[in-house]
Amino acid sequence: MKPTRRFFLIAASLGTLPVWLAGCGFQLRQTNDFAFKTLYANFSTTSPLGVELRRNLLGTGRIELLTEPKQMLQADAILDILSEDRQQVAVGVSATGQVRELQLRLRVRFRLRTPQGVELIEPVELFQQRDLSFNETAALSKEIEMGILYRDMQTDIVQQIMRRLSAVKPRSLPKPTGAAAPAAAPAPEASSNPATRP
C-alpha cells in the first residue's frame, strides 16, 4: 500500500510542477527568431563543426539551409566559416621533461554577409580552451578524453554562433533592389532645365 501512495504523491507533485515554475517566472528556452529565412552554408557540412552547426540551424525549424553553390545568390544571408584551428599546447612538464598537462584550444572565425557583400556580422573569432592532464601510460584513454573535450568546446562555439545569428536585426538586411528603383529616379528635376523654360 505504501508504494502506491508514494507513487501517487510523486505523480501529484510532478503534475503541479509546471504550474509552480510558471508562477515563479521560469520559462523554457524558446526557439530563436532570425532576421533571415534562407541561409547559404559556405562551410563544409561534413566536418565535425559543420555537422553540428548544420544540425542546430535545421533544428530551429525556421531556416532553410542552402548548400549548392548555384543557390548562393538566392539566399537572404551567407554564413562563412573563415577558419577552424585546433591546438594542443604543453603547459606542464615533469622533471624528466615528460608532458604532464596539455591545454586544448579551439579557434573559429566566421562572418555573416548578404549575397551583395553587405556584412551583417563582421569577421569575429570565437575561442575556447580546456586543460587536460596527460599520462603516457594511459595514452588511449587520454585520447578519448581529448575528443570529448574538443566536442564540448565545439558545442559551446556553435551555440555562440547561433546566438549571434539570432541577434541580427531585420533592419540590417538590405531592402530588395526592386523597391529602391522608383525612389532613385529624379523625375521632378528634369523640368528645371533652362532650355525647356518659355
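Just so you know, residue 1 is the first one in the sequence shown, and it goes up from there. Both backbone and side-chain heavy atoms feed into the values below; hydrogens, waters and symmetry mates do not.
Within the 4.5 Å cutoff, the side chain of Phe36 has heavy atoms near those of the Leu112 side chain. The shortest distance between side-chain heavy atoms of Leu57 and Leu165 falls below 4.5 Å. At a threshold of 4.5 Å between non-hydrogen side-chain atoms, the residues Ile81 and Leu53 count as touching.
For the atom pair NZ of Lys70 and CD of Glu68, the computed distance is 6.0 Å after rounding to the nearest 0.5 Å. In this structure, the separation between CD on Gln87 and CZ on Phe127 is 7.5 Å, given to the nearest 0.5 Å.
With hydrogens and angles ignored, the 3.5 Å screen pairs no side-chain donor or acceptor of Gln128 with any backbone N or O of Asp156. At distances below 3.5 Å, not a single donor-acceptor pair connects side-chain atoms of Gln74 with backbone N or O atoms of Gln71.
Criterion: ILVMFWY side-chain heavy atoms under 4.5 Å apart, direct or through other members. Under it, Ile161 and Leu58 are part of a common hydrophobic cluster. Following chains of ILVMFWY side-chain contacts shorter than 4.5 Å, one cannot reach Val51 starting from Ile157, and the two form parts of different hydrophobic clusters.
For Ser44, the side chain to side chain donor-acceptor pair (under 3.5 Å) partners are Thr46, not counting sequence neighbours. For Glu125, the side chain to side chain donor-acceptor pair (under 3.5 Å) criterion is met by Arg107, not counting sequence neighbours. Residues passing the side-chain contact (heavy atoms from CB on, under 4.5 Å) test with Ala167: none are found, sequence neighbours excluded. For Glu101, the side-chain contact (heavy atoms from CB on, under 4.5 Å) partners are Val91, Asp131, not counting sequence neighbours. In terms of the side chain to side chain donor-acceptor pair (under 3.5 Å) criterion, residue partners of Glu84 (sequence neighbours excluded) are, by chain and number, Arg86. Applying the side chain to side chain donor-acceptor pair (under 3.5 Å) criterion to Thr155, with sequence neighbours excluded, gives Glu52. For Glu64, there are no salt bridge (Lys or Arg N to Asp or Glu O under 4.0 Å) partners, not counting sequence neighbours. Under the rule for a side-chain contact (heavy atoms from CB on, under 4.5 Å), the partners of Val124 that lie at least two apart in sequence or sit in another chain are Phe110, Ile121, Arg164. Here Arg130 pairs with Asp152 under the salt bridge (Lys or Arg N to Asp or Glu O under 4.0 Å) rule; sequence neighbours left out. Lys142 meets the side-chain contact (heavy atoms from CB on, under 4.5 Å) test with Leu132, Ser133, Phe134, Glu145; sequence neighbours excluded.
Listed by chain and number, the hydrophobic cluster partners of Met72 are Tyr40, Leu66, Ile78, where partners are ILVMFWY side chains within reach of under 4.5 Å, directly or through others. By the 4.5 Å side-chain criterion applied to Ile, Leu, Val, Met, Phe, Trp and Tyr, Ile144 is assigned to a cluster that also includes Ile148.
Minimum heavy-atom separation, Arg163 to Ser166: O-OG, 2.8 Å. The two residues Ala75 and Pro115 make their nearest non-hydrogen contact at O-CG, 3.1 Å. Contact detail for Thr38 and Asp76: the closest heavy-atom pair is OG1-N, 2.9 Å. Shortest non-hydrogen contact noted between Tyr150 and Gln88 is OH-CG, 3.5 Å.
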Original post:
Under the side chain to side chain contact (heavy atoms under 4.5 Å, CB included) criterion, do Asn56 and Gln159 qualify, and how do the steps go?
Top reply: CA-CA 8 Å; Asn56 276 265; Gln159 291 304 316; 3.0 Å; yes
Subject >> side chain to side chain contact (heavy atoms under 4.5 Å, CB included) between Asp80 and Arg109, worked out >> reply: CA-CA 8 Å; Asp80 298 315; Arg109 292 185 70 246; over 6 Å; no
